[in-house]
> 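One structure, pasted below without further comment.
All residue numbers in this chain count up from 1 along the given sequence.
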Amino acid sequence: MSNLTRSPAWQALSSHHDDIRKQSMREMFGADTGRFDKFSLRFDGLLFDYSKNLITEKTLALLTDLAQQSKLQEWIERQFSGEKINTSEARAVLHTALRSPRDRTVNIDGKNIIPDVHRVLDHMRRYTEAVRSGAVRGHTGKQIRHIVNIGIGGSALGPLMVCEALKPYGSPDLSAHFVSNVDASDIAETLKKLDPETALFIISSKTFTTQETLANARTARAWLVEHIGSEEAVAKHFAAVSTNLVETSKFGINPENVFEFWDWVGGRYSLWSAIGLPIALYIGMENFERLLAGAHAMDEHFRTAPLKKNMPVILGMLGIWYGNFFGTGSYAILPYDQYMHRFPAYLQQLEMESNGKRVDRAGDEVDYDTHFTVWGEPGTNGQHSFYQLIHQGTRMVPTDFLAPLTSHNPIGEHHTMLLSNCFAQTEALMLGKTETEARAELVAQGLTGEALEALLPYKVFPGNRPSNTLLFEKLDPHTLGMLVALYEQKIFVQSVVWNINAFDQWGVEFGKQLANKLLPELRSKETVTAHDSSTNNLINLYRNLSKT
Ligand code: G6Q
């Protein structure tokens, strides 16, 4: 047994779980009309309703004890103050500094990094304004109309998710495109939509060594030069975002169009840095700054609110409650906002790359679960597919419902219908449908006898399925910033309790190591025999086919 699972707070939760799992939320709500007030929080226009969870006040107290036992408050300060908490890479973790106001001080090795952050933000402002106003144009003098981000993983998913989520704020004169996959179909289909004279490529890569990004960047460069007929066009049509200024210059990118960031920004936490350049180009720098301000507001809340009134802490500890005590392995993110359709995919990386770890901070294998599989789709679409499993499957799947009170597209009754679906789902997941209720329904439909009895078991819903609801006024930049920071910090909370490093990613690095390993063999003229029989045959099948 590890220190964690042996600890008093963990043991107390374990025996409390034995009591709670037999209780019903339906009864909890019936017995306490004040449950919503007790288990909801409001902050800066965001309502977090966590009353539809299998919890009592005692549960919250015990979860808070566990957070305290894990020294969460100390860890929060370590993160914000720039301590090198990413120990396996010996790096500070300071995405919070990227959204800090100018007058703050955050030191790494005795140097205040905030002036550097704002120097790059100022550079982004000058550049984005120049591109959007037409002061900076393409090689043939035409105004830029297409922004094409070439990057993968952390250098793509955040900007893509945000550009989609904030489409109503996007310039009508610009379109934003994202190319990630080394599969040529990705870039080929994107290039078909572009006019080379009005396209601006942003090569986003922290390391500037990632196979996919460099392959796509070379293809884009060749396409541009071929269509415009001049190598000089590259200077006007390419920008780069990287920590590797040597490689960006080798690629031939005009140093004025190179935007810097730093190794203390993790890829999946980087949308707040210059990696957000496509966002700032698309929605304008003022809106990008609103996004940063929203995230900063959540950071301040996280840093200062007491644990029991702290959104990321409660969200994170509820995850621990289900994951470690009820044994749930996944949770679903269900945004009732079509603009947030990439939000579940974005959180997939944030959550699974951060906490998908099997050893603790001391390098010892853990004996408890440390992560969740994250999945989801916007409502109402998901209702017509996987919600079946959430309602009636054998495993409990905790859910987060997210919804704006007002729509960017107030057409007819659409939004009222959307929200009625959202609220009905959380209610039904909690209440379920008892056998008596199901029977009464079938009787009302005219069923009797054997026919009724045969159908009855299928019509019963166990209920007691937990959900959180996050409601906000409108999906605007500030709110989106808050929501993303909420999940970033929730993931951090869980990593602290699990005593793991949320900020390294050796599994992803392993993939990068593998990326070029087999390449020479696929090109080889000789039959490949060096691997196991499966790998040999797969390689040789491709070699033989590509020869024909
Ligand atoms: C993020 C990950 C990973 C990374 C990509 C791109 O946390 O480490 O998704 O962002 O592999 O890496 P580069 O930005 O270095 O190209």
Side-chain angles (χ1 to χ4, degrees), residues 127-128 130-132 134-160 163-164 170-242 244-259 274-282 342 512 515-516 519 522-523 546:
Y127 185 68
T128 54
V131 170
R132 284 166 64 96
V136 159
R137 290 170 176 254
H139 183 70
T140 59
K142 286 196 181 168
Q143 194 161 346
I144 297 300
R145 299 288 183 213
H146 304 284
I147 304 151
V148 189
N149 189 78
I150 297 184
I152 195 163
S155 298
L157 284 164
L160 167 59
C163 286
E164 287 297 304
S171 162
D173 299 329
L174 289 168
S175 60
H177 309 262
F178 292 84
V179 176
S180 296
N181 203 330
V182 76
D183 181 344
S185 305
D186 199 3
I187 188 138
E189 289 299 331
T190 304
L191 293 178
K192 279 184 201 166
K193 296 179 210 149
L194 305 180
D195 164 8
E197 292 178 79
T198 63
L200 173 64
F201 294 93
I202 302 168
I203 315 303
S204 289
S205 176
K206 182 171 168 180
T207 54
F208 226 78
T209 55
T210 305
Q211 186 201 53
E212 294 91 329
T213 301
L214 292 185
N216 282 320
R218 282 188 220 104
T219 301
R221 191 185 202 280
W223 175 85
L224 185 90
V225 170
E226 187 197 332
H227 283 80
I228 297 195
S230 163
E231 280 281 337
E232 282 169 30
V234 174
K236 291 277 177 63
H237 291 267
F238 275 80
V241 183
S242 188
N244 190 342
L245 305 187
V246 175
E247 287 301 320
T248 57
S249 111
K250 274 198 211 155
F251 191 86
I253 295 178
N254 178 355
E256 281 174 27
N257 300 348
V258 176
F259 296 82
I275 288 288
L277 186 65
I279 306 173
L281 280 163
Y282 184 53
R342 296 297 292 170
K512 292 189 182 187
N516 289 310
L519 197 55
L522 267 73
R523 291 176 185 142
S546 58

> Taking the side chain as C-beta and beyond, is there a heavy-atom pair between Ser180 and Asp186 under 4.5 Å?
yes

> Between Thr198 and His237, what is the shortest heavy-atom contact and its length?
N-CE1, 4.4 Å

> What pairs with Arg221 under salt bridge (charged side-chain N to carboxylate O under 4.0 Å, His left out), at least two apart in sequence or on another chain?
Glu231

> I need the minimum non-hydrogen distance between Tyr282 and Ile147, along with the two atoms involved.
N-CD1, 4.0 Å

> With sequence neighbours left out, write down each residue that passes ring-ring contact (aromatic ring centres under 6.0 Å, His included) with His177, or none if nothing qualifies.
His146

> Please identify each residue that fulfils ring-ring contact (aromatic ring centres under 6.0 Å, His included) with Phe251, with sequence neighbours left out.
none

> Give the minimum heavy-atom separation between Ile228 and Ala233, together with the two atoms involved.
CG2-CB, 3.9 Å

> Test of understanding: with side chain to side chain contact (heavy atoms under 4.5 Å, CB included), list the residues that count as partners of Ser230, not counting sequence neighbours.
His139, Glu232

> Would you give the length of the straight line joining atom CG of Asn516 to atom CD of Gln211, rounded to the nearest 0.5 angstrom?
4.5 Å

> Once salt bridge (Lys or Arg N to Asp or Glu O under 4.0 Å) is applied, what residue pairs with a partner in residues 138-156 remain, sequence neighbours excluded?
Lys142-Glu197

> Residues in side chain to side chain contact (heavy atoms under 4.5 Å, CB included) with Asn216, at least two apart?
Ile150, Val179, Ile187

> Looking only at heavy atoms, which two atoms of Asn149 and Ser155 are closest? And how far apart?
ND2-O, 3.1 Å

> Between Ser242 and Ser205, what is the shortest heavy-atom contact and its length?
OG-O, 2.7 Å

> Who pairs with Glu189 by salt bridge (charged side-chain N to carboxylate O under 4.0 Å, His left out), at least two apart in sequence or on another chain?
Lys192

> Looking only at heavy atoms, which two atoms of Gly154 and Ile275 are closest? And how far apart?
O-CG2, 3.9 Å

> Give, for atom CG of Leu200 and atom CG of Leu281, the distance between the pair rounded to the nearest 0.5 Å.
6.5 Å

> Looking at CG of Leu277 and OG1 of Thr128, how far apart are the two atoms once the value is rounded to the nearest 0.5 Å?
7.0 Å

> Residues two or more places apart in sequence or in another chain: which of them pass salt bridge (charged side-chain N to carboxylate O under 4.0 Å, His left out) with Lys512?
none

> Listed by chain and number, what are the side chain to side chain contact (heavy atoms under 4.5 Å, CB included) partners of Leu157, not counting sequence neighbours?
Arg342, Tyr346, Gln349

> Between Leu194 and Trp223, does a side-chain contact (heavy atoms from CB on, under 4.5 Å) hold up when you go through it step by step?
CA-CA 11 Å; Leu194 305 180; Trp223 175 85; 3.8 Å; yes

> Under the side chain to side chain contact (heavy atoms under 4.5 Å, CB included) rule, collect the residues that match up with Glu256, sequence neighbours excluded.
Asn254

> Quick check: do Val136 and Asn257 have side-chain heavy atoms less than 4.5 Å from each other?
no

> With sequence neighbours left out, write down each residue that passes ring-ring contact (aromatic ring centres under 6.0 Å, His included) with Phe238, or none if nothing qualifies.
Phe201

> Counting distance only, does the side-chain N/O of Glu247 pair as donor-acceptor with the main-chain N or O of Phe208 below 3.5 Å?
no

